[in-house]
Participant: 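Can you keep this structure in mind? I'll have questions shortly.
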Amino acid sequence: MFQIGGLIVFCGLLAQTTALLDTLPLPLDQILLLQGTPVQDLSPTDLAGSLTDALSNGLLSEGLLGVLENLPLLNILNTGGGTSGGLLGGLLGKLTSVLPLLNNIIDIKITNPQLLELGLMQSPEGHRLYVTIPLGITLNVNTPLVGRLLKVAVKLNITAEILSVKNEQGKTHLVLGDCTHSPGSLQISLLNGFAPLPVQSLVNSLTSILTEVLPELVQGKVCPLVNDVLSQLDITLVDSIADLLINGLEFVIKV
Ligand SMILES: *[C@@H]1O[C@H](CO)[C@@H](O)[C@H](O)[C@H]1NC(C)=O
């Protein structure tokens with residue numbers, strides 16, 4: 001399936017190249033040689049790889065890791081008791097039963113922010129891309145319930161949809177569509193093993209609060225970064241990918 005898609009893209013490019021050259025059919029490598037375009041620049045797999053590399057590097061240079069490290073988690077936990085309005089207050093209002101336990105948390109520090117390898121998929125009709133952005137952080141929870149820091153690993157995937165649109169001048173570019181946490185991708189696990197009963201219920205409370213607030217919190221911080229990165233991508237890369245998407249040509253594995 002992947003190879004067929006590759007072939008279609010390849011044929012499309014070949015047709016274009018041939019038309020441009022307006023010449024007798026030549027073996028492919030000679031055409032490419034004449035065009036001065038290295039073969040690997042036209043490989044669809046490379047395009048996908050270049051896109052994920054560019055997005056990944058872009059997110060890092062936009063300060064993604066710092067954003068993760070500075071998520072205002074403690075503020076959120078402290079706004080419990082329904083005193084704060086808005087979405088988070090509303091969510092926490094539903095969880096009042098767990099709040100007394102959370103009063104045992106003195107501090108939460110986020111360390112080890114991580115961006116793992118991005119995933120890329122193409123929609124079945126070929127016009128959209130879905131970028132999976134796997135993120136990780138470690139929470140160091142300071143609580144008098146245990147004589148040491150409680151370390152909690154949190155993993156979450158954000159999925160960003162990328163669309164190709166044409167502006168009035170007929171110029172294509174890439175824009176961010178839906179951007180949201182991937183359902184079921186939140187993983188919360190205790191890193192430093194043994195947890196006596198009170199700690200276990202603290203971890204459970206923490207888990208239910210994090211489950212309520214963290215995905216939206218991360219999504220709200222990371223999606224604008226994705227948008228920024230998309231608008232700063234290399235124009236040649238954007239053009240190549242936008243053209244493939246507009247034409248619904250497969251160049252990455254479909255969903
Ligand atoms: C999160 O993203 C990674 C990388 O694309 C993927 O391997 C993993 O299956 C995803 N997890 C979930 C639960 O979606």
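Counting starts at 1 for both ligands and their atoms, in listed order.
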Participant: May I ask you to identify the nearest protein heavy atom to atom 4 (C) of ligand 1, giving residue, atom name and distance to one decimal place in Å?
Facilitator: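 Looking at atom 4 (C) of ligand 1, the protein heavy atom closest to it is Pro134 CG, 3.6 Å.
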Participant: When you check the gap from the basic side-chain N to the acidic O, do Glu125 and Arg128 get nearer than 4.0 Å?
Facilitator: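 Salt bridge: yes.
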Participant: Hey, is atom 2 (O) of ligand 1 touched by any protein heavy atom at less than 4.0 Å?
Facilitator: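 Within 4.0 Å of atom 2 (O) of ligand 1, protein heavy atoms are found.
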Participant: Under 4.0 Å from atom 14 (O) of ligand 1, do we find at least one protein heavy atom?
Facilitator: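 Yes, because at least one protein heavy atom sits under 4.0 Å from atom 14 (O) of ligand 1.
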Participant: Nearest 0.5 Å please: distance from the CG atom of Leu186 over to the CG atom of Leu210.
Facilitator: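 So the gap between those two atoms works out to 7.5 Å.
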Participant: Can you tell me how far apart CZ (Phe251) and CG (Asp243) are? Round to the nearest 0.5 Å.
Facilitator: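 Here the rounded value is 11.0 Å.
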Participant: Would you indicate which of Ile158, Asn157, Thr159 comes nearest to atom 8 (C) of ligand 1 when only heavy atoms are counted?
Facilitator: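 Among Ile158, Asn157, Thr159, the closest heavy atom to atom 8 (C) of ligand 1 belongs to Asn157.
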Participant: Test of understanding: clusters of I, L, V, M, F, W, Y form through side-chain heavy atoms closer than 4.5 Å, transitively. Do Val222 and Ile110 belong to the same one?
Facilitator: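 As far as the 4.5 Å side-chain criterion goes, Ile110 and Val222 are connected within one cluster.
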Participant: Should you measure from each heavy atom of Gly184, which atoms of ligand 1 turn up under 4.0 Å away?
Facilitator: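 Those qualifying, in numeric order: 13 (C).
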Participant: Under a single-linkage definition using a 4.5 Å side-chain heavy-atom cutoff for Ile, Leu, Val, Met, Phe, Trp and Tyr, are Val229 and Val165 assigned to the same hydrophobic cluster?
Facilitator: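 Result: no, two separate clusters.
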Participant: Show the atoms of ligand 1 that are less than 4.0 angstrom away from any heavy atom in Ser185.
Facilitator: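 Atoms satisfying the 4.0 Å criterion: 12 (C), 13 (C), 14 (O).
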